Each structure stands twice: as C-alpha cells, then as structure tokens.
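Worksheet: one structure, shown below.
In what follows, chains are A, B, ... by sequence order, proteins preceding strands, each numbered from 1. None of the values given here were measured: they were computed from a predicted structure. FYI, side chains are in, hydrogens and waters are out, and symmetry mates aren't considered; it's all heavy atoms of this structure.
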Amino acid sequence: MPEGPSIIIAKEKMAEFIGYKVIAAAGNAKIDMPRLEDKKLLDIKTWGKHLLLCFEGFTIRVHFLLFGTYRINETKEALLRLGLTFSNGEINIYTAAVKVLEGDINSHYNWSADVMHPQWNEKAAIEKLTDKPDMMICDALLEQDIFSGVGNIIKNEVLYRVYVHPESRTGNIPEKKLKEIADQARKYSFDFLKWKNEGTLKKHWLAHTKKNCSRCDLPMYKEYTGTKKRRSFFCTNCQELY
DNA sequence: AGTCATGTTGACGA
DNA sequence: CTCGTCAACATGAC
C-alpha cells in the first residue's frame, strides 16, 4: 500500500468527495472529530507517502505506514481509524497514522522534495546527497527529506536500473550517476503508478524479491543494508560498488 | 501456521 | 546531545 505512487492512487479515488461537506466523522483516531463535521473537503494533496485532506484552516494528514488500508463506499472487518461520511459516499481508513496540521498546508511541506510532484527539484536532491558523502545510497533513497515518496521497492528497482550497489557511499558515486539515480527515482515512481493501476506491478519487478538476476542470471543477494537495515536485492555482478 | 514486510515514531540507555 | 536499538502499531501474503 504505502509507497508514493499508491498514495497518488488513493488521492485519485477520493477525488469524488472534493467539494462535499463531511456529514459525519468516526473512528478511533486521536483527533477532534466534531471539528470535521459540516466542513467542506476543499482539496486532496499528497507529499510522498502522506495523504492530505485539506479543509479551511487545517489539513488531515494520513500516513498508511506498513499496514494501512482504505475503502471507498464500503467497510471492512477491522477497527476503523477514520471514517468520513459525505452526502455522496464515504471514505474509511484503517491502521493509519492520522494527524491534524494547522493553517496553510504549504507552510508544512517542501513540495520540491517529492519525486512525483510537478515541483520536484532533482538538483536540490543531488545537493543533499553530496552534503552527506558517507551515507549509503540505499539509506539516502529512503530519506523522505531527499526522495519523498520513495519506499523500499522503488529503492531496489532504481538501484538495479542504474547498475549501482546499494551499499555505495554517495560521496564515491560520480555526479553523472547521482543524476541518473535521482532521475530514475522519479521515472520509476511513475512506472510503478502505471503498473499498479494495471495490476501488473509485481510482474514488472526486476530486482525486488528476485532470486536470480534478470540480466546475467546469477543469484541475487538479499541483505539488510545501511543504517536503516531494510531489505536490499542486488546483483554484485551487474551493480557496481562505488 | 509461522514468518516476514511497500514504514515511522518514540522511549530508553550508552 | 547524539547515537543505536528496540518496541509499538496491527494486517496480509506466502
């Protein structure tokens, strides 16, 4: 569920409620529920893995973490975290972190850090990488302040696409390669979105969960790399360690 | 049936 | 103060 592209899909599915007022708000989220009633949903935005339901003067931030799910116009057998009823239907959210952000949403987010946002700034991301030369690229790709929206699947697929070993230190990676990584972080996210919408995402994985390299057929390494210790799938024959 | 995972935060101790 | 480690959250795929 939770990488950036999946949140874009959630936004698109919930867009039908924009312009409608909340009739009822329910669930065990620790927010001021009565405050939501009779408020019009003005817009839905995303910043990386954050889903942002914008109201006048405040925004509900939803983060699905690892297990979060949602249903549109239906419910499921689980504890309801946040349910919003509109005159034209309802949104039900489960197992998510829900928080209210006060004031102008633009004051809370730097949109240029979001790899899928129109304002994505690749140059700024590369500068952040060169500022942290000792960081492993597997950790850097998961840094939401640098590559907002990138998750572990995208990390593995991007590094495989650009032939870079996940344990490479950013300071050792040539500038041209860093640009390729940043470029592919965005490109792969949009491929992910397309394939997820088609229901063919897993079919298109070349590295993530793979036993053998799709290029040279040697066994893939599966290791928990970097300070974040997240699963990395890589081919030491095809991916260079810088 | 048990293990593990597309994620993040906060507590605690060194 | 900063770093590393761990628990917590709680569901679904294999």
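Between the OH atom of A/Y70 and the P atom of C/dT11 there is a distance of 17 Å, given to the nearest Å. The CD atom of A/Q144 sits 9 Å away from the P atom of B/dT9 (whole-angstrom rounding). Atom-to-atom, NZ of A/K30 to P of B/dT9 comes out at 17 Å; the value is rounded to the nearest Å. For the pair A/I8 CD1 and B/dT6 C1', the computed distance is 15 Å after rounding to whole Å. Going from atom CD of A/E143 over to atom P of B/dG7 covers 13 Å, rounded to whole Å. Rounding to whole angstrom units, CD1 of residue A/I7 and P of B/dT8 are separated by 10 Å. We find that OH of A/Y188 is positioned 13 Å from P of B/dT6, with the value rounded to whole Å. As rounded to whole Å, 12 Å separates atom P of C/dT11 from atom CG of A/L65.
Residue A/R81 places at least one side-chain N or O closer than 4.0 Å to OP1 or OP2 of C/dA10. Close to B/dT6, at under 4.0 Å from its OP1 or OP2, lies no side-chain N or O of A/K49. For B/dA5, the OP1/OP2 oxygens have a side-chain nitrogen or oxygen of A/Y224 closer than 4.0 Å. In terms of phosphate contacts, A/R231 brings no side-chain nitrogen or oxygen within less than 4.0 Å of OP1 or OP2 of B/dC4. An OP1 or OP2 oxygen of B/dT6 is reached within less than 4.0 angstrom by a side-chain nitrogen or oxygen of A/H208.
B/dT6 is unpaired under the Watson-Crick or G-U wobble criterion, no partner having all donor-acceptor distances under 3.5 Å. C/dA10 is unpaired under the criterion used here, namely a Watson-Crick or G-U wobble arrangement in which both key atom distances are under 3.5 Å.
Using a 4.0 Å cut-off between a side-chain N of Lys or Arg and a carboxylate O of Asp or Glu, A/D43 and A/K45 qualify as a salt bridge.
For the salt bridge (Lys or Arg N to Asp or Glu O under 4.0 Å) criterion with A/E143, the lone passing option out of A/K128, A/K228, A/K155 is A/K228.
Ring pair A/W47/A/H50: centre-to-centre distance below 6.0 Å.
Counting any heavy atom pair closer than 4.0 Å across all strands shown, A/K202 reaches sugar-phosphate atoms only and no base atom.
Of the listed nucleotides (C/dA13, C/dT11, B/dT8), C/dT11 has the atom at the smallest distance from the side chain of A/K76. If you check B/dT8, C/dA10, B/dT6 against the side chain of A/L66, the one that comes closest is B/dT6. With distances taken from any side-chain atom of A/F67 to the nucleotides B/dT8, B/dA5, B/dT6, the minimum falls on B/dA5. When distances are taken from the side chain of A/K222 to each of B/dA5, B/dT8, C/dT11, the shortest belongs to B/dA5.
Between the side chains of A/K222 and A/S232, no donor-acceptor pair is found at a separation under 3.5 Å. Judged purely by distance below 3.5 Å, without hydrogens or angles, the side chains of A/W111 and A/N106 pair a donor atom with an acceptor atom.
Taking the nucleotide of DNA chain B with the nearest heavy atom to each of A/T209 and A/R61, the more 5' of the two is matched to A/T209.
Nucleotides C/dG4 and B/dT6 have their C1' atoms positioned 24 Å apart, rounded to a whole Å. Of the C1' atoms belonging to C/dC9 and B/dA1, the separation is 22 Å, rounded to the nearest Å.
For the pair A/R61 and A/Y109, the cation-pi test (distance below 6.0 Å, angle within 45°) is failed.
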